[in-house]
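So you know, we letter chains A, B, ... as the sequences are listed, proteins then strands, and number each from 1. Just the heavy atoms: all of them, side chains too, but no hydrogens, waters or symmetry mates, feed the values below.
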Amino acid sequence: MVELKGLPGFRDFYPEELAARSFLLGVWKEVARRYGFEEYDGPPLEPLELYTRKSGDEIVQQLYEFEDKGGRRVALRPEMTPTLARMVGARAPALRKPVRWFSTPQLFRYERKQRGRLREHFQLNLDILGEVDVLADAELLAAALDIMRATGLDATQVRARVSDRRVLAAIFRHVGVAEETLEPVYGVVDKLEREPRERLEAQLKNLGLEPQTIAGIFEATQLRGIEELEARFGGVPSVSEGIAELSKYLEHLEDLGVREFVDIDLSVVRGLAYYTGIVFELWDAQRKLRAICGGGRYDELLQLIAGVDMPALGFGMGDVVLSELLRDHGLLPKPGRSLDCFVAWLGADGQRHALRATQALRSAGLSVIFEFRDRRLANQLKSADQLGARRAVILGPKEVEEKQARVRDMSTGAERVVRFDELAATLAAELGDG
RNA sequence: GUGGGCGUAGCUCAGUCGGUUAGAGCGCCAGGUUGUGGCCCUGGAGGUCGCGGGUUCAAGUCCCGUCGCUCACCCCA
């Protein structure tokens, strides 16, 4: 018989792994709540066109895409933003602006799996729609960084790299890049860290750029911090405008208490074509992993998807890379289960009393497991220990005779007896949440 | 799609020059005298050595093929 495995790039979540995932999704939802975002969701399966319209047909090879029984071309969602754009677009006039929504969809992509990149993942999407002020950009990044903090990561472990497509565009135009060449240049800049400079220079040359233009591009992308940017390009009017906004942005981040995480880094452009303004990525400080999170402003996407003119910005944060980083830093919750009571029993009458005690304790809201088999008390207590029980309730011939249960505190070993008719109320008061 | 690495117990792995009944640790189950967990000791269950073929008196070990996993590239949430 052939062993039946799961599909490549799809995960089985054993309890310990699901605990880590739940922890992470819990942090996401908690911080989103603190920032006043509302949760929404959409269908996991969408018309293929929702994705091809924005990105062109070549994206199809990266999609889980097929024809359904009704002959429709459909795809498992690879990202949430188009669905969000459609949903918001459809009710745009009625929604109070700015819209602050978040979702934690499971997303799918058809591509070979590798470290930090599977065919399926969960991703927090947090978006603000209907606000042009750079305050919204700062609010968005602050939320992403507060999530880092809430998981226990600090500014020595995670960095936010911030760039601005308008500033980059202004600089690139200034050094001689033609309007229609901007996108391909972004594509080259995006590879800055992954490929040798000579290869990138060759690629830029192939785009028909002059040597001094190429030099200018490299110079710009090596700038770090607002001061360097100001010193080098502050004199260019179209650039200084963007610098002023970036300065405001950083000031807001200072006031929102997350400035220590943030670096200006013009080599960040983001892969997706729809970004229009400030963009950012979150990275582990050592840059050993992939980006933890990426996002920015996409003011024209709603026009494209929904025919609605509405500025927007948002980010996506996946569970895979972030989980790896948290594991590296020992920040995932410790494995192990917890249980309020384990009911142990001995003797012929013990079993029925154990069931009755269990039922009473469960009715009182406690989590309870009782022993299935008639076996030595030592092994029953060992089970209680393994199950993380806070109390063991022991029902043997003596206890049954006296109508009193023996209650053992599993952390201290202290024992006492409690009358059967008071057992549930007593333990519920002791162990219940409250 | 391209290239590298790796396939031995549930997990992490050892296995010498090819040699007889394939091992360890962890985990699991049980025992260590009558009803008391964590530590310790002992025992047990659990393996088609990924699969197929070849060489050989003899293959986990060498050769060929194949499948799978993995990392990287491409691309990118």
Quick one: which of A:Tyr51, A:Tyr110, A:Phe108 gives a side chain to side chain contact (heavy atoms under 4.5 Å, CB included) with A:Pro78?
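Answer after filtering A:Tyr51, A:Tyr110, A:Phe108: A:Tyr51.
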With salt bridge (Lys or Arg N to Asp or Glu O under 4.0 Å) as the test, pick out the partner of A:Glu120 among A:Arg21, A:Arg109, A:Arg11, A:Arg77.
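Only match with A:Glu120 under salt bridge (Lys or Arg N to Asp or Glu O under 4.0 Å): A:Arg11.
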Between [atom2] on [N] and [atom1] on [X], what's the gap in Å once rounded to a whole number?
| X | N | atom1 | atom2 | value |
| --- | --- | --- | --- | --- |
| A:Tyr51 | B:rC76 | OH | P | 18 Å |
| A:Leu289 | B:rC76 | CG | P | 20 Å |
| A:Arg408 | B:rG38 | CZ | P | 10 Å |
| A:Glu17 | B:rC11 | CD | C1' | 12 Å |
| A:Tyr14 | B:rG10 | OH | P | 12 Å |
| A:Asp385 | B:rG37 | CG | P | 10 Å |
| A:Met317 | B:rC76 | CE | C1' | 18 Å |

Say we look at [N] and [M]: how far apart would their [atom1] atoms be, to the nearest angstrom?
| N | M | atom1 | result |
| --- | --- | --- | --- |
| B:rG3 | B:rC62 | C1' | 26 Å |
| B:rC49 | B:rG31 | C1' | 32 Å |
| B:rG32 | B:rG37 | P | 12 Å |
| B:rC41 | B:rG27 | P | 12 Å |
| B:rG47 | B:rA22 | P | 13 Å |
| B:rG23 | B:rG15 | P | 16 Å |
| B:rG19 | B:rC64 | C1' | 24 Å |
| B:rG50 | B:rU56 | P | 23 Å |

State the pairing partner of [N]; accept Watson-Crick or G-U wobble contacts with both distances under 3.5 Å, and report none otherwise.
| N | value |
| --- | --- |
| B:rC49 | none |
| B:rG68 | B:rC6 |
| B:rG19 | B:rC57 |
| B:rC73 | B:rG1 |
| B:rU12 | B:rA24 |
| B:rA30 | B:rU42 |

What nucleic acid atoms does [X] come within less than 4.0 Å of, heavy atoms only: base, sugar-phosphate, or nothing?
| X | result |
| --- | --- |
| A:Met80 | nothing |
| A:Gly413 | base |
| A:Leu118 | base |

Can you list everything that forms a salt bridge (charged side-chain N to carboxylate O under 4.0 Å, His left out) with A:Glu401? Sequence neighbours excluded, please.
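A:Glu401: no salt bridge (charged side-chain N to carboxylate O under 4.0 Å, His left out) contacts found.
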A:Asp409/A:Arg390 salt bridge by N-O under 4.0 Å criterion:
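Salt bridge: no.
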When only distance counts, do a donor and an acceptor, one from the side chain of A:Arg117 and one from the base of B:rC76, lie under 3.5 Å apart?
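Check passes, donor-acceptor contact within cut-off.
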Presence of donor-acceptor pair under 3.5 Å, side chain of A:Glu415 and base of B:rU36
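Answer yes: a donor N or O sits under 3.5 Å from an acceptor.
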Name the orientation class of the two ring planes belonging to A:Phe37 and A:Tyr35 (parallel below 30°, tilted from 30 to 60°, perpendicular beyond 60°).
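If you compare the ring of A:Phe37 with that of A:Tyr35, the planes turn out tilted.
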Check: residues 299-317 of chain A side-chain donor-acceptor pairs under 3.5 Å, at least two apart:
residue	atom	partner	partner atom	Å
A:Asp299	OD1	A:Arg297	NH1	2.9
A:Asp299	OD1	A:Ala312	N	3.1

Answer yes or no: is there a donor N or O on one side and an acceptor on the other, between the side chain of A:Thr181 and the main chain of A:Val177, under 3.5 Å?
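Here the side-chain-to-backbone pair does not exist.
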I'd like to know if the side chain of A:Asp127 pairs up with that of A:Tyr298 as donor and acceptor (distance under 3.5 Å, no hydrogens or angles considered).
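Yes, side-chain donor-acceptor contact under 3.5 Å.
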I need a per-nucleotide contact map over nucleotides 27-35 of chain B, read 5' to 3'. Cutoff is protein heavy atoms under 4.0 Å; write B for the base, S for backbone only, - otherwise.
-SSSSS--B
Please report the C-alpha distance between A:Arg149 and A:Glu260 in whole Å, then the side-chain angles of each, then the deciding distance to 0.1 Å, and finally whether the salt bridge (charged side-chain N to carboxylate O under 4.0 Å, His left out) criterion is met.
CA-CA 12 Å; A:Arg149 277 202 181 122; A:Glu260 57 174 334; 2.9 Å; yes
